[in-house]
Every structure is written in C-alpha cells, then in structure tokens.
Novice: 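Shown below is the structure under consideration.
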Amino acid sequence: MCSLRSSGTGMPVQSVDPEAACALLASEQYGYVDVRMWEDFDKGHVAGARNVPYYLSVTPHGKERNPHFVDQVAVLHSKEDRFLVGCRSGVPSRLATAELVAAGFTNVKNLEGGYLSLLKSASYPDN
C-alpha cells in the first residue's frame, strides 16, 4: 500500500492494489464509488458500485471537473463510511480520493490502477 499526501491537509491518501481491493469488497465492509463519467460506468463496473463522476466532460480545452463531487459523495456516504474510489486507470480516482480526504472522509481508499487493474486481477469475481 502506498500513500500520497492530499492537497491542503497533509493527510495521506491510502491506495490499495487490486488484490487488496477485491478482499475489501468481498468482506462487504467496503463500498465502491466509481468516479468515471456516466457513459464509461454504463459500459461495465464493479457490482454494487455507486457512480459519482469526478469529471463531467472532456473538451478540446481540457476536462471539466464536477464542482459538486464531494457533496454528491456525501449524499451516498457519511464521512466515516468505508469505501474504495476507482476510475478507469487510477489517476482521476487518486485526485478524487485526495479531495475526499481533504473534505474529512476518514476511511476512503484509492484503487491503484483503477477498474482495469481489477479486471486483470485473479481475485476479481468475474475472472
């Protein structure tokens, strides 16, 4: 497990590898927040995942961040709930996790390598 400091708080962002993520999800003690855009989420996702996009769109000028991301996650999870944050390949989820930690979420972990890494994991239920 590695860590990255969240911006502004100095609090570490915990990341878990796909094997550890599968174990946490199988324990049913952790939820899963998928931060991909809706159309990507609809193509396939972790069973039981909740979708809260970190980015709303991608334009020629860059990515449009969801200004209500933290508030939307707070509707689904309390700041003490245990959940993993994943995206397609791991970068947006790391940013989203840092933002959630900075907002006071205490049991949130980033999925290293994102959903693609889970699909390749021997522990993933569909494999």
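Please read all numbers here as calculations on a predicted model, not as lab measurements. Along the sequence shown, residues are numbered consecutively beginning with 1.
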Novice: Are Y54 and K63 packed together at the side-chain level, in the sense that at least one heavy-atom pair is separated by less than 4.5 angstrom?
Specialist: no

Novice: Mind running side chain to side chain contact (heavy atoms under 4.5 Å, CB included) on Y55 and E64 for me, showing each step along the way?
Specialist: CA-CA 5 Å; Y55 294 115; E64 177 191 359; over 6 Å; no

Novice: So which heavy atom on G104 is nearest to which on K79, and how close?
Specialist: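 Residues G104 and K79, closest heavy atoms: O-CB, 3.6 Å.
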
Novice: Taking only Lys NZ, Arg NE, NH1 and NH2, and the carboxylate oxygens of Asp or Glu, determine whether R82 and E28 approach each other closer than 4.0 Å.
Specialist: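 Not counted as a salt bridge, because no side-chain N and carboxylate O are separated by less than 4.0 Å.
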
Novice: Taking all non-hydrogen atoms of both residues, which atom of K109 and which atom of V16 are closest, and how far apart?
Specialist: CD-CG1, 3.7 Å

Novice: Are any of the side-chain heavy atoms of S117 and L111 separated by less than 4.5 Å?
Specialist: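 Answer yes - side chains close enough.
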
Novice: Keeping the roles fixed (side chain from N51, backbone from V33), state whether a donor-acceptor pair exists under 3.5 Å.
Specialist: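 No, because the side chain of N51 does not come within donor-acceptor range (under 3.5 Å) of the backbone of V33.
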
Novice: Among side-chain atoms of E19 and S121, is any donor-acceptor pair under 3.5 angstrom?
Specialist: yes

Novice: According to the interplanar angle, ranging from 0 to 90°, do the rings of H77 and F83 count as parallel (below 30°), tilted (30 to 60°) or perpendicular (above 60°)?
Specialist: parallel

Novice: Going through the distances and angles, do V35 and F69 end up as a side chain to side chain contact (heavy atoms under 4.5 Å, CB included)?
Specialist: CA-CA 9 Å; V35 299; F69 173 74; 3.7 Å; yes

Novice: Identify the heavy atoms of N107 and Y30 that sit nearest to each other, and give their distance.
Specialist: O-CE2, 3.9 Å

Novice: Between the side chains of N66 and Q72, does any donor sit under 3.5 Å from an acceptor?
Specialist: yes

Novice: Which is it for N110 and L84 under the side chain to side chain contact (heavy atoms under 4.5 Å, CB included) test, yes or no, and what are the steps along the way?
Specialist: CA-CA 6 Å; N110 173 57; L84 302 176; over 6 Å; no

Novice: So does R65 have more than 12 non-hydrogen atoms from other groups sitting under 6.0 Å from CZ?
Specialist: yes

Novice: Answer with yes or no whether the side chains of T106 and E80 bring together a donor and an acceptor at under 3.5 Å.
Specialist: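 Absent: no donor and acceptor within the cut-off.
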
